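Notes to accompany the following structure.
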Amino acid sequence: MEFLLQPNVYSTGNTPNLLNLLDKMWIKDHNSGEGTLYIISGFANYNGGVRFYPYFTDHIHKGGNVKVIIGGSTSQRLSSIQIAEALLQCGADVYVVNRKRLVHAKCYGYKTPSAEELVVTSGNFTGPGMSQNAEAAIRIDSNTVQTMGFEWEDLFNNMFSQGWDIYKLDSSDISTKSDPGWRLLYDEINSTVALDEDQQVSMVLTLSGSDTARIQADPGTSASKGTQYFWLSKGSFDFFPALTEKNKRGTKNTYSTLINMNYIDIGVINQSRVTFEADNNLDFRLGTGALRNTKIASKDDLALITRKSEFDYELRIIKQTDASYSALARYAVNYIGNYGKRFGYISNSDVSSILGVSI
DNA sequence: CGCACTGGGTCT
DNA sequence: AGACCCAGTGCG
């Protein structure tokens, strides 16, 4: 049994967030191909599931099942077209329940011939719900699940027999989207809504040696070879748009998207790719090629990445010697990796007052 | 020539 | 084995 309140506020089992709790339950403690994985969530978006798509696919190819119930609405942005497509492409059964009030539960788990496990949480199957929102979650072990008489199939069957307005989506319908269930889902990519106020934030990231090696390198040298990245935490999926682009060459699944990056310090506006290396080493990387050879950032300097809108970002390097360094660095509260890297978020309005510029 | 890929390393 | 860290290769 394990309880947590994310992000990294309180945990009885050294698990910082819901994403890692589901990692443990579904991937570490469950054998791919065995039984059925279950998801119930009122809200769902692409980045909520991006860590799991290769595993779901593998699990289903080996004979397992994935059953998903998500909320939908024609008037509210509950669950997205993109996550429904991704889950269907994994081979999952996807059910959309019309109207928010009917599904406000968030439960995750699995059933195998020998065990059933259950996570009950406030965290939705979304990027923020998985990591940065303050959400509680409890993982209930199979003995306790059995003792209380919980069974996933009973829960699903009872939900299906309530007479609710439920639409089962079909993978053969992805291109046409003729089923009315699709109209209960919103479009993450082509939507024009402004960011919520709580998403008008900047990421504060301490830079590692590999983050700045190519920035410091001279052109044409061996140290300048390869791609210039900032390595991020996969706990920051929610800071970026849906990572819906899959790799075209190569065999290891990656999920990425392009964002518009305004490199304030050098006056360059470029597209930058943010990539999750799902089948390689779980790297989560932000391409920052415009900084190559510029020498404007050194190890332990800060990158301040400001999200202006869905796809528009600004990047500022804050040197250790800059006056604003300490005021900004204190927002990088999440320790990640094993080399002292930290990241965190600060509201854009607070960035404005610290830097004395309008963001 | 830059960046999508590759595939290790290292610490927990 | 997970998750950042690092140093490239070779493709377009």
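Just so we're on the same page: letters track the sequence lines, and every chain starts at 1. Nothing here was measured: the structure is a model prediction, and the numbers come from that model.
When rounded to the nearest whole Å, the span between OH of A/Tyr335 and P of B/dT12 equals 15 Å. Between the NZ atom of A/Lys252 and the C1' atom of C/dA3 there is a distance of 15 Å, rounded to whole Å. Atom-to-atom, CZ of A/Arg51 to C1' of C/dC4 comes out at 14 Å; the value is rounded to the nearest Å. Between the CZ atom of A/Arg285 and the C1' atom of C/dA3 there is a distance of 12 Å, rounded to whole Å. Note: NZ (A/Lys234) to C1' (C/dG2) measures 8 Å, nearest angstrom. For the pair A/Leu243 CG and B/dA4 P, the computed distance is 14 Å after rounding to whole Å. Distance, A/Phe276 CZ to B/dA4 P: 17 Å, rounded to whole Å. In this structure, A/Asp283 places its CG atom 11 Å from C1' of B/dG9, rounding to the nearest Å.
Each of A/Gly337 and A/Arg249 has a nearest nucleotide on DNA chain C; the 5'-most of these lies closest to A/Gly337. Comparing A/Asn338 and A/Thr254 along DNA chain B, the residue whose closest nucleotide (by nearest heavy atom) sits nearer the 5' end is A/Thr254.
Under 3.5 Å, the side chain of A/Asn281 and the base of B/dG8 form at least one donor-acceptor pair of N or O atoms. For C/dG8, its base sits under 3.5 Å from the side chain of A/Arg214 at one donor and acceptor pair at least.
Ring geometry, A/Phe56 versus A/Phe52: the interplanar angle falls under 30°, so the pair is classed parallel (tilted spans 30 to 60°).
A/Thr275 comes within contact range of no nucleotide atom at all, as no heavy-atom separation falls under 4.0 Å.
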